[in-house]
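Keep in mind the model is a prediction, meaning the values are calculated, not measured. Chain letters run A, B, ... following the sequence lines, proteins first, then strands; residues in each count from 1.
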Amino acid sequence: MHEMSIAEGVLQLIEDAAEREGFRQVKTIWVEIGRLSGVEAEALAFCFDAVTRGSIAEGAAFEIVPVPGLGRCHECGKESELEAVYDACRHCGAVPVEVIGGTEMRVKELEVD
Amino acid sequence: MCTTCGCGHGETRIEGDALHSHDHDHEHEHVHADGTRHVHSHSHDGGDSHDHAHAHDHSHGHAYRPAHSHAPGMAKGRMVQIEQDILAKNDAYARQNREQFARRGIFALNLVSSPGSGKTTLLCKTIEALAGRKPVAVIEGDQQTSQDAERIRATGAPAIQINTGKGCHLDAHMVGHAFGQLPLQDDSLLMIENVGNLVCPASFDLGEAHKVVILSVTEGEDKPIKYPDMFAAAKLMLLNKCDLLPYLSFDVDAAIAFARRVNPNIEVIRTSATSGAGMDDWLAWIEKGAAAARK
Ligand SMILES: Nc1nc2c(ncn2[C@@H]2O[C@H](COP(=O)(O)OP(=O)(O)OP(=O)(O)O)[C@@H](O)[C@H]2O)c(=O)[nH]1
Ligand SMILES: [Mg+2]
Ligand SMILES: [Zn+2]
Ligand SMILES: [Zn+2]
């Protein structure tokens, strides 16, 4: 399952940070997930609970910061919010629009002890 | 976890050995985006704190407001800014693989599809057709067994099997390790058969020149829009098992139209790994890419 390895990636970033910053417990983690990242936020939160058992992030609150998909139209030059990569331009109907946002998966910040 | 590079690939095996059972000199030093990090304390006084019991409540809107997320009365922790892409590590390994391929003139393809579309059969046929013309090596990815690598070796080409255990895709780190074990001449063709899965491999760059998605006609013409990420990421779609078309109601034009809706630039070749139809076009496509990759 895809979200599982993404969750493992998040845990790895946390463990790297713990080594750098010398914290022993993570209370909250904020993760930015783009609408077009191919990752399901609910599933990721579920997997995160599973992979962090017994780790410094066990029981941490997993806060997902959603980022909308954003595209720019080649025809009219305007930007549209995208639900999917193949959505048409909301202004003129042209396809495809160039994806310019919403593919990110980033660990933003941690609250630690 | 690997002590050399900190990778946590517990179940991954290459030719039966755990990923880090051996001592290897890591070309890939870890890239910590140190430039972006800093530590600071937030004062969490006042404001509209909401209850932390809603750990999975996704109603934050798009604004990023960590300071507002504190349970009243709960001891406040220190805030650590991370700002790192979750796939940054994979992408760094992928970059190293790509540089290595480029240095050696290797044309690498990442073959992705759902299970059973005909990847291994197609690879075997491709190797046979290229025999004496172009050296080919294969990295095989499956959750279990080394059957596919054995099928490849039976053609005479070198192959390395990666078993991902529970993992559902190859990542760039595994591929870098496997590549190091392959006897590969410069200017050769490297085919990476990903784990059969139309979802996850789309997100993981392995350092390949192109992803090639194989859609077999028994899967239904709607797959490109049901699994758009994979078709959006691919340079070429091989429509395989075309020998079966007379027995199916698969609409080839609709399948191609769906693929182009997701990826207007995707190239399409119709193949049958069993009858050999379309193989010439496929081989010509490879030759063109390989010529561009050559040193
Ligand atoms: N009729 C027909 N059958 C094919 C064709 N290509 C592959 N097959 C059959 O499809 C089945 C699966 O083929 P594989 O090559 O093992 O498929 P794969 O994509 O490597 O499968 P996994 O590695 O398990 O995901 C085998 O029984 C093949 O003989 C084709 O072009 N036509
Ligand atoms: Mg196979
Ligand atoms: Zn996956
Ligand atoms: Zn437009």
J.: Looking at Arg261(B) and Tyr86(A), what are the two nearest heavy atoms and their distance?
T.: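 That closest heavy-atom pairing would be O-CB, 3.4 Å.
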
J.: State whether the side chain of Glu111(A) and the backbone N or O of Gly77(B) hold a donor-acceptor pair below 3.5 Å, judged by distance alone.
T.: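 Yes, because the side chain of Glu111(A) sits within donor-acceptor range (under 3.5 Å) of the backbone of Gly77(B).
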
J.: Restricting to pairs with a member in residues 65-76 of chain A, which pass salt bridge (charged side-chain N to carboxylate O under 4.0 Å, His left out), not counting sequence neighbours?
T.: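 Salt bridge (charged side-chain N to carboxylate O under 4.0 Å, His left out) check on residues 65-76 of chain A returns Arg72(A)-Glu79(A).
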
J.: Counting only heavy atoms from other residues, nucleotides and ligands, does the tally under 6.0 Å from CD of Glu58(A) exceed 12?
T.: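 Counting neighbours around CD of Glu58(A), more than 12 heavy atoms of other residues, nucleotides or ligands fall under 6.0 Å, so yes.
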
J.: Pick one of side chain, backbone, both or neither for Val95(A), based on which atoms fall under 4.5 Å of a heavy atom in chain B.
T.: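 Answer is neither: Val95(A) stays 4.5 Å or more from chain B.
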
J.: Could you look at Phe48(A) and say if it's the side chain, the backbone, both or neither that has a heavy atom under 4.5 Å from chain B?
T.: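 Looking at Phe48(A), nothing touches chain B.
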
J.: Please list all pairs meeting salt bridge (charged side-chain N to carboxylate O under 4.0 Å, His left out) that have one or both residues in residues 84-98 of chain A, counting only residues at least two apart or in different chains.
T.: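 Counting only pairs at least two positions apart or across chains, no salt bridge (charged side-chain N to carboxylate O under 4.0 Å, His left out) contact touches residues 84-98 of chain A.
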
J.: Heavy atoms only: give me the nearest Ser203(B)-Ser37(A) pair and the separation to one decimal.
T.: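 So the two residues come closest at OG-O, 4.4 Å.
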
J.: Should Ile82(B) and Glu109(A) be marked as a side chain to side chain contact (heavy atoms under 4.5 Å, CB included) after you check the CA-CA gap, both sets of side-chain angles, and the distance that decides it?
T.: CA-CA 5 Å; Ile82(B) 304 286; Glu109(A) 198 166 15; 5.7 Å; no

J.: Could you tell me the separation between the CD atom of Glu104(A) and the CD1 atom of Ile86(B), rounded to the nearest 0.5 Å?
T.: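 Glu104(A) atom CD to Ile86(B) atom CD1 measures 10.5 Å (nearest 0.5 Å).
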
J.: Heavy-atom cut-off 4.5 Å, strictly under: side chain, backbone, both or neither for Val39(A) against chain B?
T.: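 Contact with chain B is absent: no heavy atom of Val39(A) under 4.5 Å.
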
J.: Does Glu83(B) come within less than 4.0 Å of Lys108(A), counting only side-chain N to carboxylate O?
T.: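 A salt bridge links Glu83(B) with Lys108(A).
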
J.: Give, as side chain, backbone, both or neither, the part of Asp229(B) having an atom under 4.5 angstrom from any heavy atom of chain A.
T.: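 For Asp229(B), the side chain is the part near chain A, not the backbone.
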
